[in-house]
Every structure is written in structure tokens, then in C-alpha cells.
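Convention: sequence-line order gives letters A, B, ...; per-chain numbering from 1.
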There are 2 protein chains.
Amino acid sequence: MNNLLKLENQVCFPLYALSREVTQLYRPFLDDLGLTYPQYLVMLILWEENQQTVNQLGEKLYLDSGTLTPLLKRMEQKRIITRTRSTADERVVIISVTDIGEKMKEKATCIPAKLVEALGLSIDDLNQLKQIVTKALKR
Amino acid sequence: MNNLLKLENQVCFPLYALSREVTQLYRPFLDDLGLTYPQYLVMLILWEENQQTVNQLGEKLYLDSGTLTPLLKRMEQKRIITRTRSTADERVVIISVTDIGEKMKEKATCIPAKLVEALGLSIDDLNQLKQIVTKALKR
DNA sequence: CACAATTATATTGTGCACAATCTATATTTG
DNA sequence: CAAATATAGATTGTGCACAATATAATTGTG
């Protein structure tokens with residue numbers, strides 16, 4: 001048997017499984033806000049700096065318009081963001097947080113800490129995880 | 001500004017991004033086999049030990065029948081697996097690799113090495129990544 | 001300036017992921 | 001043994017991801 005083909009010897013499978021597991025850990029907290037995990041990521045970006053184009057969001061999240069357009073439309077329907085064409089360049093759509101979306105931020109402040117707790121890793125392990133994963137991502 | 005809510009300070013976002021990135025790295029190799037990444041994972045399990053129930057696959061992959069049933073049906077259509085009800089327990093569906101599916105294994109042997117290369121991480125980093133991710137997954 | 005090339009977003013189609021529910025079979029228990 | 005319970009898998013519906021393509025606006029070039 002080719003040992004490299006055993007599931008337990010895969011590096012990528014635990015990564016795939018953990019990524020989904022973590023999304024599950026977020027779910028109860030995000031349910032309270034009525035957000036999905038990718039929608040939460042969009043809100044993080046906009047809370048940090050409002051008014052971003054679809055392209056800018058896509059570059060930060062590594063997502064294309066095929067994913068973002070419908071996702072942003074759903075967020076617009078929830079009245080937490082607006083989508084407006086730029087007058088300077090009609091191709092561009094600018095995404096802005098509404099007052100409702102801005103108010104969610106306060107309720108979201110506790111989420112990172114709750115997630116760290118739910119993950120059950122020490123701060124050291126957490127930093128190591130972030131460092132090595134970020135390193136792998138940077139190539 | 002609450003720094004904990006900045007995208008760059010998230011631990012989980014790089015994990016989510018890397019998981020998708022890795023799936024993209026697999027794509028060209030898996031395209032040659034006509035498999036998606038989750039389908040490839042199913043094949044890894046079956047190549048290791050043929051004849052597994054949907055439940056057993058689900059426990060190993062952390063997936064439920066809502067995901068697996070349609071996925072396995074697509075694999076059945078490609079003639080790489082069969083789905084047969086157990087006669088001992090009519091609730092159970094047994095998944096088996098066909099000859100066609102078995103032959104794919106040879107073409108797949110090179111994939112793990114190619115992926116390690118594509119990831120561009122040293123063996124040490126790779127082991128560290130696996131160890132810490134597996135540790136986080138085990139809780 | 002016309003036209004070719006580029007850019008930004010949208011659309012279409014496929015395949016997961018997962019919650020919620022359903023169905024059929026098996027097991028437990030009174 | 002019959003009714004209650006549990007289990008295995010299937011179904012339905014929603015929301016990503018992402019490839020491929022389309023559309024419309026902008027920019028570059030002869």
C-alpha cells in the first residue's frame with residue numbers, strides 16, 4: 001500500500017476539516033447576528049474601512065464576483081450594506097455599511113474571544129497556528 | 001477601533017483562505033482524474049480499505065448523508081464506485097470501488113508529492129502545520 | 001476619434017456543506 | 001410480540017466557491 005495515499009497521512013485533509021469545523025464554531029455566534037461566516041468576513045473589512053469596491057473585497061478575501069455578487073445582494077436585502085455604482089466609474093460597485101450594519105459591530109466585539117475559547121487552544125498554539133498557516137498562504 | 005475585529009488579526013480567516021487555496025492546488029491534478037477534492041478524499045479511504053458504509057465515510061470525513069449521498073451518486077455515475085444496500089441491514093448502503101476506480105489509484109500515487117511541492121513549504125513546516133492543525137481538530 | 005483591448009461586475013451552471021426533515025429498517029422495551 | 005425509540009440514509013432548501021462566459025464601461029492605440 002502506498003502510504004502517502006492514506007487519509008491519515010494527508011496534510012491537506014486536516015486543514016480542510018479544521019476549516020469547516022471552525023466555521024461551525026462560529027455558527028452559534030453568527031446566527032445571533034444573522035450572518036454567515038463569509039458575510040462576517042465582509043463586515044470585518046467594512047467595519048475596519050467603510051466604502052470598498054467589490055474588487056477590493058475580493059482581493060482581501062480571495063473571492064471573485066461570482067461568489068461576492070450574490071453574497072453582497074443577500075447582505076443588501078438584510079439592509080446591513082448598500083451597493084451603489086460609482087459615478088466616477090460606472091463599472092465599479094461601492095459597498096457601504098448601513099447604520100444597521102454599523103450597530104452590529106458592537107454585538108460582534110465579543111466573537112473573537114469566544115472563538116478562541118471554543119477552539120480550546122492555548123495562546124501559544126494559536127499564534128503558532130496563525131503563523132504557519134499565514135506562511136503557507138503567502139506563496 | 002477594536003483590533004480584535006480586524007481581518008488581519010483573525011486566526012480563522014487564514015485557515016479558511018488556505019484551505020480553499022490548497023483545494024485549488026489540487027485541482028489540476030484531480031482534473032486529470034476527473035475528481036473533485038471531496039471525491040478524492042472518498043477514494044483515498046476506499047483505496048485504503050474497500051467496502052465502507054456511507055456512515056463510515058461520513059465519520060472519517062466529518063460529512064453527513066446530506067453531503068455524501070449526492071456526492072456518491074455522482075461518483076457512481078462516473079463508474080468509479082458502486083452503491084449497494086446491505087442485505088444484512090437494509091438501512092445501510094455499502095460503497096465499493098470498481099475496477100475503474102481501482103485503476104485510478106496508480107495515477108494518483110504522484111499527487112501527494114506534487115502537492116507538497118506546490119505548497120512550497122519545507123518538510124519541517126509541513127510537519128508543524130499538520131501537527132498543529134491536527135491538534136486543533138482533535139477537540 | 002474609432003476601434004481594440006482591458007477592467008469591473010454580473011450571470012450561469014456545477015458541486016459541495018449543512019440544517020431540517022423524511023422514510024424505511026432495525027432495535028429496545030414494556 | 002407490539003409500540004416506542006433509534007439508526008441509516010435520502011431529500012429539500014439555502015448559501016457559498018469557482019469555472020466559464022457575458023455585458024457594459026473605460027482606457028489605450030493607431
Within the supplied structure, the quantity of interest is the number of heavy atoms (other residues, nucleotides, ligands) at a distance under 6.0 Å from Asp31(A) CG; does it exceed 12?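 Yes, enclosed.
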Phosphate-side-chain proximity, [X] and [N], N/O vs OP1/OP2 below 4.0 Å:
X        : N       : value
Arg27(B) : dC18(D) : no
Arg74(B) : dC16(C) : yes
Gln24(B) : dA19(D) : yes
Lys73(A) : dT11(C) : yes

Quickly work out the [X] [atom1] to [N] [atom2] distance and round it to whole Å.
X        : N       : atom1 : atom2 : answer
Leu72(A) : dT11(C) : CG    : P     : 13 Å
Leu63(A) : dC18(D) : CG    : C1'   : 10 Å
Gln52(A) : dT9(C)  : CD    : P     : 12 Å
Ile95(A) : dA8(C)  : CD1   : P     : 14 Å
Tyr62(B) : dC18(C) : OH    : P     : 12 Å
Leu41(B) : dG15(C) : CG    : C1'   : 14 Å
Leu68(B) : dG9(D)  : CG    : C1'   : 10 Å
Asn55(B) : dT25(C) : CG    : C1'   : 14 Å

At 4.0 Å (heavy atoms only), tell me whether Thr53(A) reaches a base, stays on the sugar-phosphate, or touches nothing.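 Counting heavy atoms under 4.0 Å across all strands, the contact made by Thr53(A) is with sugar-phosphate only.
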Determine which pairs satisfy side chain to side chain donor-acceptor pair (under 3.5 Å) with at least one residue from residues 21-30 of chain B, sequence neighbours left out, and list them in order.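 Applying side chain to side chain donor-acceptor pair (under 3.5 Å) to every pair that reaches into residues 21-30 of chain B, excluding sequence neighbours, yields Gln24(B)-Arg27(B).
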Salt bridge (charged side-chain N to carboxylate O under 4.0 Å, His left out) with [X]: which residues, sequence neighbours excluded?
X         : result
Lys135(B) : Asp125(A)
Asp32(B)  : none
Arg91(B)  : Asp89(B)
Arg83(B)  : Glu76(B)

DNA chain D: Leu71(A) or Pro70(B), which has the more 5' nearest nucleotide?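 This one resolves to Pro70(B).
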Could you work out the complete set of other residues in the hydrophobic cluster of Ile94(A), with links drawn between I, L, V, M, F, W and Y side chains under 4.5 Å apart?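 Direct or chained contacts put Ile94(A) with Val92(A).
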Nucleic acid contacts of residues 75-83 of chain B, taken as heavy-atom distances under 4.0 Å to DNA chain D: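 Listed by number, they are Arg83(B).
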Donor-acceptor pairs under 3.5 angstrom involving side-chain atoms of residues 33-40 of chain B: please list them, not counting sequence neighbours.
unit_1	atom_1	unit_2	atom_2	d
Thr36(B)	OG1	Gln39(B)	N	3.3
Tyr37(B)	OH	Phe13(A)	N	3.3
Gln39(B)	OE1	Thr36(B)	N	3.4
Gln39(B)	OE1	Lys78(B)	NZ	2.5

Assuming nearest nucleotide by heavy-atom distance, tell me which of Tyr16(A) and Val92(A) is located more 5' along DNA chain C.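 Closest to the 5' end, via its nearest nucleotide, is Val92(A).
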Contact check, side chains of Ile80(B) and Met43(B), non-hydrogen atoms, under 4.5 Å: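 Counting from C-beta outward, Ile80(B) and Met43(B) do come under 4.5 Å.
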Among residues 28-39 of chain B, which ones have heavy-atom contacts with DNA chain C below 4.0 Å?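 Listed by number, they are Thr36(B), Pro38(B), Gln39(B).
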Which pairs pass salt bridge (charged side-chain N to carboxylate O under 4.0 Å, His left out) with one or both residues in residues 49-64 of chain B, sequence neighbours excluded?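 Listed once each, the pairs would be none.
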Hey, what are the protein-to-nucleotides 20-29 of chain D N/O distances that come in under 3.5 Å?
unit_1	atom_1	unit_2	atom_2	d
dT26(D)	OP1	Glu90(A)	N	3.1

Return the set of residues passing side chain to side chain contact (heavy atoms under 4.5 Å, CB included) with Glu8(A) (not counting sequence neighbours), or none when no residue passes.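 Partners of Glu8(A) under the side chain to side chain contact (heavy atoms under 4.5 Å, CB included) test: Lys6(A).
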Are the side chain of Glu48(A) and the backbone of Leu7(B) linked by a donor-acceptor contact shorter than 3.5 Å?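 Yes; judged by distance alone, with no hydrogens or angles, the pair exists.
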